[in-house]
Amino acid sequence: MCNRTLFIADDSRSVLKAYKHIFDKKETEGYFKLKIFNDGLYLLNYFRSEYEKKNKVPLCILDMKMPMMDGLTTSSEIRKIDSDVIIIIVTGQEDITIDDIREHLKQDIYYIKKPFNDKELYCLVDSLIKGWNKNQEIKKYKEQLEEVVADRTAELIMVNEQLRSKIAEQKLIEQALSRMAKAIEHSGDIIIITDIKGNIQYVNPAFTAITGYKRDEVIDKKTSIFKSGKHDDTFYKHMWHTITEGKVWTGHFINRKKDGNIYEVEASISPIKDKEGHITNYVAVKRDVTDKIKLEKQLSQVQKMEALGTLAGGIAHDFNNILSGIIGYTELSLSDMPEKNEVHVFLKQVLKAGLRARELVKQILTFTRQTEQERKPLEVSLIVEEVIKLLRPSLPSTIEIRKNIQCRSGKILADPTQIHQVLMNLCTNAFHAMKEHGGILEIILTDIDINMDNTGLYKDIKKGRYIKLSVCDTGNGMTREIMERIFDPYFTTKGQAEGTGLGLSVVHGIVKSYDGEIKVFSEPRKGSTFHIYLPQIEVETVEEGVLEPVSGGKEKILIVDDEEDLVKMLQNILKRQGYDVIVATDSVEALRIFRDHPGIDLVITDQTMPKITGTQLAQEIHAMSPSIPVILCTGFAEELNIDKVSYPGIRKFFVKPFTIRKIAEGIREVLNDMRDEKISSFQ
C-alpha cells in the first residue's frame, strides 16, 4: 500500500476533530494514517525522530497561527530535515495575497483558507500524496539507475582487469543495459530518445500511456507532431540553441495527445555524447503535471470567488441601506397620496423598482457566496420574459430574438436565481456563436408529458410531466468532438478574455440538481439547440385576499441607526402607527438613553455601527434589563448567519431593505409575544 501518513498540527480541538472526521471515516479506514499534534513544535520533534528511523512522512497540514511555533516556521524547519515533504498551510487570515500563494506554490507549499470545504481538502490531500508517492517511485528508479551504472562500471573494470575476454565483457554490458532498460521501461515519466535532428528513436511505455500514441506511430517521426500551438517559434529556438551547445534544457511544455487533448509536462532535455565529445542523441524526460496545474487553477478560482463574495457583501450592506430609504419613503409618500393622483401611479413604479433592486442584491449575494438556494414554486415563463428584457438592449441589431412561450401556467420547484443563471448562460453562448455574422436567437417554452408511449424518444429522462426550455441559435454550430466536452469544467472554445469554461458546467450542475436533463443538438455551420427538461409540480392556486391593515400600539420604542435618514424614516413610520418613538444615531448614546428612560418597551437597532455593533448593544441591554426585546436590522444577513445563530435578547431579525408592512407586523408580533409571556408568568 502507498505511504499515506499525514502529520497535522493545530491548536484548536474543534479543528483537529474536523480533520479526524475528514480523514478517519469508516469508508476510508486504513487509507490515511493520521498523527495529530496541538502545536508545530511537537510535530517537528516527532517528525525528526521518524525521519531518523527512516520513516518518510509525505504531507504535513499546519495551522498558520500556533502558540509555540507557527505554521510557516514549522514548515521551514521540516524542509531542512526532508525537502520532499509536502506542506499545506491552513489560515484564517484575510491579508494573504495571491502573490504570497503563488510564491509558496513554487516551493510546494499550498494554502487553504478557513473555513475549508471537507471534500475539497480531502481531494487535494489525496491528489498531492499520490503525486508524492509517484515522485518517490521515480527517485527509487533513479537510484536504481545510478546503482546500475555503478555496477556496470565495476563490472567493466573487473572484466578489463581479470577476464580480458570480449565475450564475457559483452555479456556484462548487455546485463547492465538490460537493467537500465527495465528501469526506464517502468518509469512513470515520459522518456524519449531522438537523433540530433529530432527524429524519435525510442519512447517508453509511460509515453504511450499518457499521449495515446503507439511506438510504431512515432518512431522516425519529428517531435514536432506533439506541438499544441501554445508556444511560439522563439520558445523552440531557445530550446534547440541550448541543447545543441551541449547544455541541459529544462522547461514547461504544453503538448497535444493523439486524441487532440492538451497535456502539460515539466521537461528536461539532455545531450548524449560519444567518446570524442560529439553529440549523438538527445534524451528527454517529461513529467505529466496536468492535474497539478488544474488543482492550482481551481484553488485560484476559489480564492477569486471568495474575494468577490467579500466585495459583494460590503457593497450589499451600503446598497441595502440606500434601498431602505427609497422603499420606506416611497411607501410613506404613497400612504399620503390619493390613488387617483397620477403621482400615486409613478410612486408605485418607484416602489416596484426598489423591490426588484432588493431581489437583485439577494441574487448577487447568493451567486458570489454560493449559499444554500431557496427553492419555491416558480413560473419559468416569468424568468424567460425577464431575461429577454435584459438581453434586448445588449445584443447587436444583427441578432433577432424570438420567443415562443406555449406554457405560461406550468411551475417547477426551483430557485429563481439559478434558473435565471441557466437561461443567461445559454443565451450568452448563443450570442457568441452568432456575433460575427448575426442570426436568430429563439427561446421556446413548452410542457411535455413523458410516458410509456414516448419513453423511447426521451432516453435518460424519467416518466412524468416536464417543463421544456429550449434555446436555439443559427450560429457556427459544433463538431461531435466539441459536443462531447462542452460540459467539462474549464473547457471553452472562446478566446482567452471571453470565457472561463465554467458556464455550461454550471448549467449542467444546476439542471441535474433539479433531477432534470439537458440535451444538445448541433452541426457545424447549422447552429445549436439546447433542450432543458425540468420536472413540473402541481401547485394549488390560492386567490389573494385584501390585506388587512396592520395594527399599531402605544408602546415606547427606541430606534438606533447611524444612518440619520433611515432613523427619521422609521420614526415617521412608527409614529403613524401610534407608537412613542425615541431615536439615536450613535450606539453609545443609545445606551445612555436606555438607562435614562426606564419605560422603553422595545429596541430596534442596526447591526453595523461604529464603536458598538447591534449585537453588542443587544447584549448590554439584555444585561441591564433581560425582559426588553431587541429587533436587529442588518444590510447583509450572511455576516450574522441569522438562520443558525441566536443572540441574547434579540427576538427578531430584519434584513434591509424591508417594507413598512413587514416591519410593522414584526414589531407587533414581538410586543404581543412579550405581553403574552408576562401574562403567563403571573398565572
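This is a predicted model, so every value here is computed, not measured.
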Check whether [X] reaches the backbone of [Y] with its side chain - one donor and one acceptor, N or O, closer than 3.5 Å.
| X | Y | value |
| --- | --- | --- |
| T330 | I326 | yes |
| T446 | Q406 | no |
| Q616 | T613 | yes |
| S522 | M478 | yes |
| T474 | G527 | no |
| S127 | L124 | no |
| T398 | G438 | no |

Discussion item. Using the rule given for side-chain contact (heavy atoms from CB on, under 4.5 Å), can you reason through Y533 versus I518, listing the C-alpha separation, both sets of side-chain angles and the distance that settles it, and then say yes or no?
Written reply: CA-CA 6 Å; Y533 299 86; I518 181 167; over 6 Å; no

Worksheet item: Does atom NZ of K257 have more than 12 heavy-atom neighbours from other groups under 6.0 Å away?
Response: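 Correct, the count exceeds 12.
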
Do you know which two heavy atoms are closest between [X] and [Y], and how far apart they sit?
| X | Y | answer |
| --- | --- | --- |
| P416 | K376 | CG-CE, 3.7 Å |
| V560 | S587 | CG1-CA, 4.1 Å |
| P377 | K411 | CB-CD, 4.1 Å |
| M609 | L617 | CE-CD2, 4.4 Å |
| V581 | V583 | CG1-CG1, 4.0 Å |
| V567 | D561 | CG2-O, 3.2 Å |

Assess whether a salt bridge exists between [X] and [Y], defined as any Lys/Arg side-chain N lying under 4.0 Å from an Asp/Glu carboxylate O.
| X | Y | value |
| --- | --- | --- |
| D447 | K468 | no |
| E400 | R402 | yes |
| R661 | E665 | yes |
| E669 | K652 | yes |
| E523 | R480 | no |
| E264 | K292 | no |
| R651 | D673 | no |

Determine whether [X] and [Y] make a side-chain contact, defined as any pair of heavy atoms from C-beta on separated by less than 4.5 Å.
| X | Y | answer |
| --- | --- | --- |
| H420 | V387 | yes |
| T605 | C633 | no |
| I388 | R392 | yes |
| D562 | P610 | yes |
| N261 | R256 | no |
| I419 | Y514 | yes |
| R525 | N476 | no |
| I559 | I582 | no |

Discussion item. What verdict does the side-chain hydrogen bond (donor to acceptor under 3.5 Å, both in side chains) test give for E517 and Y466, after you've listed the backbone C-alpha separation in whole Å, the side-chain angles of each residue and the deciding distance to 0.1 Å?
Written reply: CA-CA 10 Å; E517 193 62 52; Y466 288 81; over 6 Å; no

Any chance you could measure [X], atom [atom1], to [Y], atom [atom2], to the nearest 0.5 Å?
| X | Y | atom1 | atom2 | value |
| --- | --- | --- | --- | --- |
| T585 | E564 | OG1 | CD | 6.0 Å |
| Q577 | I667 | CD | CD1 | 8.0 Å |
| I467 | I532 | CD1 | CD1 | 13.0 Å |
| Y579 | I604 | OH | CD1 | 8.5 Å |
| L558 | L602 | CG | CG | 9.0 Å |
| Q418 | L423 | CD | CG | 13.5 Å |

Fill in: N572: partners by side-chain hydrogen bond (donor to acceptor under 3.5 Å, both in side chains), with sequence neighbours left out
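Partners of N572 by the side-chain hydrogen bond (donor to acceptor under 3.5 Å, both in side chains) criterion, ordered by chain and then number, come out as R576.
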
Practice prompt. Could you walk me through whether V670 and V630 pass side-chain contact (heavy atoms from CB on, under 4.5 Å), step by step?
Written response: CA-CA 9 Å; V670 170; V630 177; over 6 Å; no

Practice prompt. Output, in order, the C-alpha distance, side-chain angles, deciding distance and verdict of side-chain contact (heavy atoms from CB on, under 4.5 Å) for D606 and L632.
Written response: CA-CA 6 Å; D606 184 37; L632 187 70; over 6 Å; no

Fill in: F116 vs D118, side-chain contact (heavy atoms from CB on, under 4.5 Å): CA-CA, chis, key distance, verdict
CA-CA 6 Å; F116 47 73; D118 292 1; 4.0 Å; yes

